[in-house]
Amino acid sequence: MAESRAPVHVTGEVVATKRIGGYRHLTLTAPGVPESFRAGNFVAVTVEGHVARRALWVHRVRASSAFGPTLDVVVETRGSGTAWLAAQPVGARVTITGPLGRPFALPKDPVSCLLVGEGYAAAPLFPLAERLRERGCQVSLLVSAPDEAHLLSALEARRSARSVTVLTADGSVGQRGTVADHVDDLLVRSNADVVYAAGPTAVIRAAAAAAERAGAWSQVAVEVPTPCGTGLCHGCPLPVVGEDGVDRVIRACTEGPVVRGDRVRWEAM
Amino acid sequence: MAESRAPVHVTGEVVATKRIGGYRHLTLTAPGVPESFRAGNFVAVTVEGHVARRALWVHRVRASSAFGPTLDVVVETRGSGTAWLAAQPVGARVTITGPLGRPFALPKDPVSCLLVGEGYAAAPLFPLAERLRERGCQVSLLVSAPDEAHLLSALEARRSARSVTVLTADGSVGQRGTVADHVDDLLVRSNADVVYAAGPTAVIRAAAAAAERAGAWSQVAVEVPTPCGTGLCHGCPLPVVGEDGVDRVIRACTEGPVVRGDRVRWEAM
Amino acid sequence: MSARVPGPVMVAAGCGGTGRELEPYLGPAGLDGLDFVTRSITLDARPGGPGPRLVEVPGGIVNAVGLPNPGLEHFLATELPWLVRAGARVIVSIAGATMGEYADLARRLSRAPGVAGLEVNVGAPDEVGVGLFEVREPYHSASVIAAVRREFPADRPVLAKLRPDVSRIVEGARSCHEAGATAVVVGNAVPAAFPDGRAGGLSGPAIAPIALRCVATVHQTVPEVPLIACGGVRDAASATAYLRAGASAVQVGTALLHDPTTLARLRADLETSHQEDP
Amino acid sequence: MSARVPGPVMVAAGCGGTGRELEPYLGPAGLDGLDFVTRSITLDARPGGPGPRLVEVPGGIVNAVGLPNPGLEHFLATELPWLVRAGARVIVSIAGATMGEYADLARRLSRAPGVAGLEVNVGAPDEVGVGLFEVREPYHSASVIAAVRREFPADRPVLAKLRPDVSRIVEGARSCHEAGATAVVVGNAVPAAFPDGRAGGLSGPAIAPIALRCVATVHQTVPEVPLIACGGVRDAASATAYLRAGASAVQVGTALLHDPTTLARLRADLETSHQEDP
Ligand SMILES: Cc1cc2nc3c(=O)[nH]c(=O)nc-3n(C[C@H](O)[C@H](O)[C@H](O)COP(=O)(O)OP(=O)(O)OC[C@H]3O[C@@H](n4cnc5c(N)ncnc54)[C@H](O)[C@@H]3O)c2cc1C
Ligand SMILES: Cc1cc2nc3c(=O)[nH]c(=O)nc-3n(C[C@H](O)[C@H](O)[C@H](O)COP(=O)(O)OP(=O)(O)OC[C@H]3O[C@@H](n4cnc5c(N)ncnc54)[C@H](O)[C@@H]3O)c2cc1C
Ligand SMILES: Cc1cc2nc3c(=O)[nH]c(=O)nc-3n(C[C@H](O)[C@H](O)[C@H](O)COP(=O)(O)O)c2cc1C
Ligand SMILES: Cc1cc2nc3c(=O)[nH]c(=O)nc-3n(C[C@H](O)[C@H](O)[C@H](O)COP(=O)(O)O)c2cc1C
Ligand code: FES
Ligand code: FES
């Protein structure tokens with residue numbers, strides 16, 4: 001897998017914030033982070049008064065803007081930390097560490113790829129789609145969500161993807177159903193050699209299983225709680241089978257979060 | 001001494017904030033607090049993520065404004081809590097308890113009063129001056145500060161006070177010198193029967209001593225750290241001599257902060 | 001021993017003032033029916049220690065208040081009657097320098113009208129510093145409890161308040177229970193230091209995980225001992241963590257200093273969640 | 001015993017990853033010259049416990065990581081050489097289920113090139129849960145230290161890492177020192193529970209006042225024992241509180257999880273304040 005360059009720990013600034021559906025999209029400066037970002041990396045954000053860090057996928061980077069290089073994150077408010085972050089106004093200073101974790105490995109050849117993502121966790125698939133297209137890969141994108149409010153807009157992705165499929169559990173937009181219901185069918189239709197998946201465990205597990213059935217490679221972006229995000233605490237256990245066939249527990253934040261789908265011991269998660 | 005009415009614990013809002021010299025002046029709503037305020041009361045403010053409360057004198061109350069009743073406080077940034085408070089923008093919600101503590105006791109007769117205050121702690125003397133004037137007392141005001149930036153504006157007080165004397169330690173405005181240098185002289189000139197003092201210990205002690213020398217009563221507003229402000233923790237010891245002549249330690253937040261100057265055991269503070 | 005275990009929500013010793021100061025924040029019911037533990041009362045009046053008595057630290061406060069109190073006689077004459085009139089169930093916390101003092105306090109309080117129970121402070125974070133009977137081993141606290149129990153009517157609770165020290169709490173709880181404690185309060189402030197090195201006790205949210213470990217350990221080992229949890233309770237979540245771990249009541253201390261309405265809110269929240277439970 | 005006491009700023013066991021993950025945040029010097037305590041190494045590989053291993057609480061975190069490590073052999077083959085090449089002064093933390101395991105670890109590490117010293121983990125917050133040698137009384141830890149000391153060269157430090165338990169720390173420190181510990185590390189995470197009652201250890205700023213009390217007490221009682229403070233160090237103020245109380249070095253743990261640059265900043269700040277002192 002590709003190795004990411006050295007992360008930095010910096011103070012950045014919120015340069016834009018907007019609510020889109022059920023999410024808050026923030027654009028941040030974070031000197032040094034956008035510059036060495038690769039698709040699948042995440043950042044860890046400091047929440048004032050809280051010891052643990054909050055992990056966020058990087059949804060997009062811009063090499064230059066009026067504020068210099070920036071990165072976008074998509075925040076779903078859940079507990080204290082995400083609520084705090086979502087409430088930060090333009091100008092607020094935010095301490096950020098990144099880019100963190102192993103990014104998606106890119107194929108050497110211009111193969112056909114299926115990208116499967118659900119909810120905010122679909123975020124890293126968008127920069128991935130761009131990179132894949134640059135390499136001449138054929139990209140099919142499957143974006144799913146429980147409902148319309150939690151669907152990341154696939155509009156921009158239409159530039160990078162040959163086909164975009166939208167699913168919602170309630171059928172409020174796109175097709176009705178779950179990733180598990182549709183992924184095999186899409187795999188066949190897209191004739192994919194590689195599946196990239198990001199989302200809740202059930203979703204990435206379904207995608208990995210479908211890939212295995214179809215004889216495709218898969219890479220999944222796993223989310224387990226990452227108290228530090230930097231590999232220091234061993235607090236983010238991810239059970240896998242090593243290359244040597246031996247069961248191991250790796251750190252999701254450092255040896256993941258992107259791993260080969262056939263390596264994850266799903267039943268042990 | 002007058003007893004203050006029952007305090008409340010409420011969420012208020014910053015309705016105005018401005019920097020004046022070295023201080024931040026905040027106007028806050030705090031339903032129920034301005035209504036039962038008496039001069040010399042203080043409020044305790046909650047700082048997010050901090051257990052102890054921060055005490056602030058009430059500088060002014062308005063019975064009605066566009067926002068309903070409001071109160072003004074004067075904040076000098078010192079540590080984490082005052083820095084946080086001073087940074088709160090209009091619209092920020094602030095949890096406030098008050099009015100707290102025993103207020104200044106008002107004389108029954110229309111006597112002559114000297115009010116002595118230094119720095120932000122002069123704040124409670126302004127509403128006091130108004131009350132005294134309403135009662136027909138002659139009010140002389142001595143406002144002091146280390147320098148001009150830390151001098152509370154006495155402009156408004158000119159309505160209530162017969163005379164206003166301004167002192168700065170560096171002579172940058174008004175007369176040069178400290179309260180201790182000038183208070184005896186002023187006491188004689190104002191022919192005061194009662195001295196009210198608020199400020200650092202050295203200042204109120206000097207005022208109390210001058211009162212004693214001149215045979216006047218004194219009431220001093222004492223500042224010792226008040227972790228809760230509500231009388232619950234006994235964490236604000238103030239050594240006094242009781243009415244029975246016996247040494248006691250009282251709670252500054254509840255049995256004070258205003259006490260008779262001749263009761264304080266200054267050397268034990 | 002048919003004494004009722006108080007709770008489920010109580011005021012922790014030394015964090016409710018004399019009761020009067022807390023009253024404005026308790027809502028319409030006021031102190032009525034509230035289990036109010038007084039600050040620790042000693043035979044003679046104590047002025048308390050010098051300032052600063054409390055210093056804020058991350059997640060809590062360190063205190064060395066020094067047990068300021070007006071002494072038993074003055075307490076009986078002024079504070080107790082007021083609390084009784086206000087309807088509080090008054091649990092008097094007692095502290096002494098010797099076993100005899102504890103027994104003395106218990107005897108005299110057994111005759112005072114309106115004392116609903118006693119809490120014996122045998123776990124101060126710096127008992128040597130404040131001149132209290134030193135509890136080095138669990139049997140020291142058990143002897144104090146036995147002495148108090150002999151002097152106090154069996155139909156009223158005697159609570160043993162212990163330090164949340166996981167290496168001793170099981171033995172302490174067991175032996176105090178055997179010595180006659182109706183329930184064991186786990187625990188007091190944790191022995192700690194001020195930033196300048198002076199001895200004090202750490203309280204507040206910071207110590208909740210420590211006291212919770214003690215409560216869970218005691219409950220698993222000696223489930224027959226009724227437990228009252230104390231340490232960092234601030235909301236329904238922190239209270240129910242203790243109740244789930246085996247406590248039958250919780251005491252609220254430092255949270256009241258931060259937000260004096262905590263108790264009123266907590267009583268309401270726990271009742272609601274209780275009603276929601278099947 | 002002419003071994004140098006490390007410090008003044010060290011990485012605490014289990015909070016610096018394998019060293020590689022910390023390196024990007026250490027500034028230009030990197031690990032060079034840094035006293036790096038490894039996570040506790042056991043004879044055999046351990047996968048560590050199930051998730052959630054760390055949960056955030058006010059002022060700190062509760063952890064039950066379960067000592068994940070690749071086992072001694074793999075450590076010697078991969079992690080140690082990397083650390084040595086990076087210039088770190090490697091202090092290997094060791095943990096065992098029996099005294100024999102501790103001795104074994106010490107013996108094998110005494111021969112490994114580049115091991116600057118040992119830290120003996122005899123104060124885990126839940127040693128029973130993780131299957132370590134149980135330290136109930138101070139003499140249990142002292143026996144382990146004696147066994148380790150016999151196997152490890154006298155010119156390299158052996159540190160005894162104890163629990164910050166004020167009722168036992170003096171006796172523990174004294175006896176470990178007598179048993180040959182170059183210095184005593186005070187202390188480990190404090191025994192605590194997760195919100196669901198599961199056993200773990202509390203670390204971070206929340207425990208600093210507790211460990212500070214232990215350091216001050218030990219230093220006042222047995223000033224001849226060199227002390228290394230560990231617990232909630234996060235900035236120059238928290239570090240100097242320990243140094244003033246008698247510690248000759250501090251270890252930084254949880255603060256690194258919150259801000260991986262803490263160590264670099266702290267080294268710079270302490271040097272500055274050192275230069276400012278007369
Ligand atoms: C690699 C990775 C990428 C992520 N990307 C995003 C993203 O782009 N957008 C987004 O909204 N969320 C993302 N999350 C989830 C997000 O980090 C959690 O929702 C957040 O940490 C919860 O914090 P909180 O303060 O809101 O909740 P709290 O309940 O206050 O969190 C308390 C603690 O639990 C941890 N925690 C709780 N739930 C999770 C969880 N699901 N994952 C990780 N840690 C958790 C937090 O780190 C914190 O230590 C990501 C998580 C991971 C691991
Ligand atoms: C009755 C009273 C009225 C006050 N009125 C005002 C006012 O009108 N304007 C103003 O700017 N300040 C006022 N103060 C002082 C103000 O409360 C302290 O400056 C403030 O608490 C320090 O908090 P911090 O968070 O900035 O500092 P930190 O150093 O973070 O404070 C830490 C802790 O120390 C306590 N503390 C530290 N210094 C003091 C102090 N001098 N007095 C009380 N507590 C202290 C705080 O309550 C807090 O618990 C008043 C204090 C009292 C007792
Ligand atoms: C200011 C203060 C005063 C206290 N006084 C007493 C006391 O008199 N007797 C006693 O047994 N405990 C006393 N305590 C301990 C508390 O009752 C309680 O056991 C401890 O603070 C832990 O609970 P908490 O985290 O809810 O505060 C005091 C605590 C504080 C903070
Ligand atoms: C995630 C984590 C892992 C730890 N692993 C170890 C370990 O392997 N061996 C050990 O002796 N202490 C271990 N500790 C304890 C720390 O080294 C340190 O003693 C404790 O956390 C207190 O210091 P702190 O507050 O600076 O973290 C660990 C602590 C944490 C938070
Ligand atoms: S989150 Fe700390 S090592 Fe992964
Ligand atoms: S500050 Fe708590 S009693 Fe006065």
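In what follows, chains are A, B, ... by sequence order, proteins preceding strands, each numbered from 1. We use all heavy atoms of the structure for the numbers below, so side chains are in, but hydrogens, waters and symmetry mates are not.
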Establish, from distance only, whether the side-chain atoms of C:Thr262 and C:Arg234 form a donor-acceptor pair under 3.5 Å.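 Checked: C:Thr262/C:Arg234 side chains show no N/O donor-acceptor pair below 3.5 Å.
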
Side chain, backbone, both or neither: which part of [X] has an atom under 4.5 Å from a heavy atom of chain C?
{"X": "B:Val249", "value": "side chain"}
{"X": "B:Val8", "value": "backbone"}
{"X": "B:Thr95", "value": "neither"}
{"X": "B:Thr46", "value": "side chain"}

Please rank B:Arg251, B:His234, B:Arg53 by heavy-atom pairs under 4.5 Å with chain C and give me the top one.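 If we count pairs closer than 4.5 Å to chain C, B:His234 comes out on top.
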
Heavy-atom contact with chain B under 4.5 Å, split by part of C:Pro47: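 For C:Pro47, backbone and side chain are both near chain B.
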
Under 4.0 Å between a Lys/Arg side-chain N and an Asp/Glu carboxylate O for C:Arg163 and C:Glu127?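 Looking at C:Arg163 and C:Glu127, the cut-off is met.
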
If you draw a 6.0 Å radius around [atom1] in [X], do more than 12 non-hydrogen atoms from other residues or ligands fall strictly inside?
{"X": "C:Glu73", "atom1": "CD", "value": "no"}
{"X": "C:Arg265", "atom1": "CZ", "value": "yes"}
{"X": "B:Arg93", "atom1": "CZ", "value": "no"}

Using a cut-off of under 4.5 Å on heavy-atom pairs, state which of C:Leu22, C:Leu256, C:Asp259 scores highest against chain B.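 The candidate making the most pairs under 4.5 Å is C:Asp259.
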
Donor-acceptor pair, C:Thr38 side chain versus C:Ser93 backbone, under 3.5 Å?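 Yes.
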
